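Quick caveat: nothing in here was measured; it's all calculated off a predicted structure.
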Amino acid sequence: MRIFLWILALLTTAIGLAVTARFNPANVVLFYPPYRIDLSLNFFLLLLVLLFVLIYVILRGINTTRELPARVAAYRQQKQERESHKSLREALKAFFEGRFGHAEKAALRAAELPENAGLAALIGARAAHRLRQPARRDDWLAKIEQDKNLKIARLMSMTELLVDDHQANAALEAVKELNANGARHIYALQWALKANQQAKNWPEVLRLVKVLDKHHAIHPGLSSRLRELAYEDLFSNPAQDDTAIRQLWQSMPAEDRRQAFIAVRVAKAFNDRNLHNEARMIVEQALQDAWDERLVRAYRASAAEEGSPALLAQINCCEAWLASRPSDDELTLTLGTLCLKQKLWGKAQHYLEQALATATEPKLVREIHLNLAQLHEALDNNEEAKKHYKQCALIAVA
């Protein structure tokens, strides 16, 4: 359709020119003494048109010649941009395909264009890290150290790569700089958690776990395990005095106090400092929420002094528990051990022999034999005591 319209326009123009050319009522005379040139008006107009076209072509040629260097430079720039963009795409594709050597080479080509240099450096750094080339990785990251637009991206990459390389202190420096720049999104907090975990900075680990739990950004199992590791380290610190241990316990969230493993660890810390009363209270409170054999062992370890009302209260408490859990070997052993300490010989022997009849775990059986040996020794039943000591020795050798 367009071709038809063009042909129609040309035909119309030709017809118009032919009709107009038929009318030639005037002449144009040019005098240049001693010359005279007579021209028809139509021919003169044609010459004017041709002259205009010639001047236009000359001027256009001059202008094109002047613009030629800039056009060549623009063409080269466009070609460089196309090649750089292509190399950047190739680098990304190779990186996600796991071809890290190809990714780093493509990133080198993409970095020739300043606009792509930053992103290419990030890809190159990650590729070099996967190739276990920390020097090249650091060189890539150093290239964009002054790029403010990529500062957060560089710090996030540094944190992730340094944590993966187990350089906890360097990773924490990057985390510190991230926090100074206001980068507190979930992904940054997750890597900050890993860095602090590697550095064994447990108070910060607890804080970050709490924040991530609030946003549902951490698996409940991992959250529970990290809390356990943190409290185990904090309560195992021999530098903590009685006051510090109490303050740490009071600062713990209520849901953490009810965790069996944490309560066991805390009770041990209190027992190690002869704070048995507080250890018993911690275990009793935890047992109200969930029954756990580890808590029962901790309760046995926190026995009160002989003849004290607290020890009698422990025995009564264990008897009440045993009524609802008659087949619990740990609880039966605990009750027998407490009765032995209180010198309730008959009760102690009854519960210890009851535990021995059903216990199967070697460590538990050995402890029962040891208590029975001590019981018979206290009653001057030396032969029975020797038998139980012998059984202890045999289990220890096995």
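Under a 3.5 Å cut-off, the side chain of Glu306 and the backbone N or O of Lys343 do not form any donor-acceptor pair. At least one donor-acceptor pair under 3.5 Å links the side chain of Gln342 to the backbone N or O of Gly307. With hydrogens and angles disregarded, no donor-acceptor distance shorter than 3.5 Å links the side chain of Gln349 to the backbone of Leu372. Using a distance-only test at 3.5 Å, with no hydrogens or angles considered, a donor-acceptor pair links the side chain of Asn271 to the main chain of Ala267. In this structure, Ser324 contributes its side chain and Trp321 its backbone to a donor-acceptor pair below 3.5 Å. A donor-acceptor contact shorter than 3.5 Å links the side chain of Arg257 to the backbone of Gln250. Within the 3.5 Å criterion, the main-chain N or O of Ala304 finds no donor-acceptor partner in the side chain of Ser308. Put simply, the side chain of Asn381 never gets that close to the backbone of Glu384: no donor and acceptor are under 3.5 Å apart. At distances below 3.5 Å, not a single donor-acceptor pair connects side-chain atoms of Ser84 with backbone N or O atoms of Gln80. In this structure, Ser223 contributes its side chain and His219 its backbone to no donor-acceptor pair below 3.5 Å.
In this structure, a donor-acceptor pair under 3.5 Å is absent between the side chains of Asn196 and Trp202. Remark: the Asn63 side chain and the Glu67 side chain contain an N/O donor-acceptor pair separated by less than 3.5 Å. Donor-acceptor pairing under 3.5 Å is recorded for the side chains of Glu81 and Gln77.
Residues Val211 and Ile186 are members of one and the same hydrophobic cluster, defined by side-chain heavy-atom contacts under 4.5 angstrom among Ile, Leu, Val, Met, Phe, Trp and Tyr. Clustering ILVMFWY residues whenever any of their side-chain heavy atoms sit less than 4.5 angstrom apart, transitively, puts Leu229 in the very cluster that holds Ile262. By the criterion of side-chain heavy atoms lying less than 4.5 angstrom apart, applied directly or through intervening Ile, Leu, Val, Met, Phe, Trp or Tyr residues, Ile152 is grouped together with Val163 in one hydrophobic cluster. Grouping the Ile, Leu, Val, Met, Phe, Trp and Tyr side chains by contacts below 4.5 angstrom, directly or via other members, places Leu47 apart from Leu54. Hydrophobic clustering (side-chain heavy atoms under 4.5 Å, transitive across Ile, Leu, Val, Met, Phe, Trp, Tyr) groups Ile395 together with Leu364.
Two residues are said to be in side-chain contact when any heavy atoms from C-beta on lie closer than 4.5 Å; Trp345 and Leu340 meet this criterion. Side-chain atoms of His276 and Phe270, non-hydrogen and from C-beta on, never get closer than 4.5 Å to each other. When side chains are defined from C-beta on, Lys363 does not count as touching Glu367, because their heavy atoms never get closer than 4.5 Å. Counting heavy atoms from C-beta on, the side chains of Leu206 and Pro203 never come closer than 4.5 Å. Residues Tyr351 and Cys339 form a side-chain contact, since some pair of their non-hydrogen atoms from C-beta on lies under 4.5 Å apart. With contacts defined as side-chain heavy-atom distances shorter than 4.5 Å, the pair Glu90/Arg109 qualifies. Annotation: side chain of Ser87 is not in contact with side chain of Glu112 (no heavy-atom distance under 4.5 Å). The closest side-chain heavy-atom distance from Leu193 to Leu226 is below 4.5 Å.
Using a cutoff of 4.0 Å between basic side-chain nitrogens and carboxylate oxygens, Glu173 and Lys176 are not scored as salt-bridged. Between Glu204 and Arg207 there is a salt bridge, with a side-chain nitrogen of the basic residue lying less than 4.0 Å from a carboxylate oxygen of the acidic one. Taking a cutoff of 4.0 Å between a charged side-chain nitrogen and a carboxylate oxygen, Arg227 and Asp213 qualify as a salt bridge. Ion pairing of Arg246 with Glu278 is present here, as a side-chain N (NZ or NE/NH1/NH2) and a carboxylate O approach within less than 4.0 Å. A salt bridge links Lys347 to Glu319: one of the charged nitrogens lies within less than 4.0 Å of a carboxylate oxygen.
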**Asked** After noting the C-alpha distance and the side-chain angles of Lys194 and Asp164, does the key distance pass the salt bridge (charged side-chain N to carboxylate O under 4.0 Å, His left out) rule?
**Response** CA-CA 9 Å; Lys194 293 180 180 180; Asp164 187 61; over 6 Å; no
**Asked** Stepwise, does the salt bridge (charged side-chain N to carboxylate O under 4.0 Å, His left out) test hold for Glu83 with Lys86?
**Response** CA-CA 5 Å; Glu83 292 177 351; Lys86 181 181 178 182; over 6 Å; no
**Message:** Before you tell me yes or no, could you show the steps for His129 and Asp165 under side-chain hydrogen bond (donor to acceptor under 3.5 Å, both in side chains), namely the whole-Å CA-CA distance, both residues' side-chain angles and the distance that decides it to 0.1 Å?
**Reply:** CA-CA 9 Å; His129 178 77; Asp165 209 22; 5.3 Å; no
**Request:** Walk me through it: do Glu145 and Arg154 pass the test salt bridge (charged side-chain N to carboxylate O under 4.0 Å, His left out)?
**Result:** CA-CA 8 Å; Glu145 190 171 354; Arg154 177 179 62 84; 5.2 Å; no
**Request:** Verify salt bridge (charged side-chain N to carboxylate O under 4.0 Å, His left out) between Arg137 and Glu104, making sure each step is shown before the conclusion.
**Result:** CA-CA 10 Å; Arg137 174 198 67 197; Glu104 191 174 5; over 6 Å; no
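Residue Glu305 qualifies as open at atom CD: its count of foreign heavy atoms under 6.0 Å is 12 or below. Counting non-hydrogen atoms of neighbouring residues, nucleotides and ligands closer than 6.0 angstrom, the NZ atom of Lys105 reaches no more than 12 such neighbours. Residue-environment remark: CD1 (Ile3) stays at or below the threshold of 12 foreign heavy atoms within 6.0 Å. Within 6.0 Å of atom OH in Tyr75, 12 or fewer heavy atoms from other residues, nucleotides or ligands are found, so the atom counts as exposed in its surroundings.
To the nearest 0.5 angstrom, Asn371 atom CG is 11.0 Å from His376 atom NE2. Taking CZ of Phe235 as the start and CG of Asp272 as the end, the distance is 12.0 Å to the nearest 0.5 Å. Here the CD atom belonging to Gln259 is positioned 10.5 Å from the CG atom belonging to Leu295, to the nearest 0.5 angstrom. In this structure, NZ in Lys214 is found 10.5 Å from NE2 in His216, a value given to the nearest 0.5 Å. Atom CG of residue Leu178 and atom CG of residue Leu155 lie 4.5 Å apart, to the nearest 0.5 angstrom. Ile282 CD1 to Tyr299 OH: the interatomic distance, rounded to the nearest 0.5 Å, is 13.0 Å.
In this structure, Trp249 has its ring center no closer than 6.0 Å to that of Tyr231.
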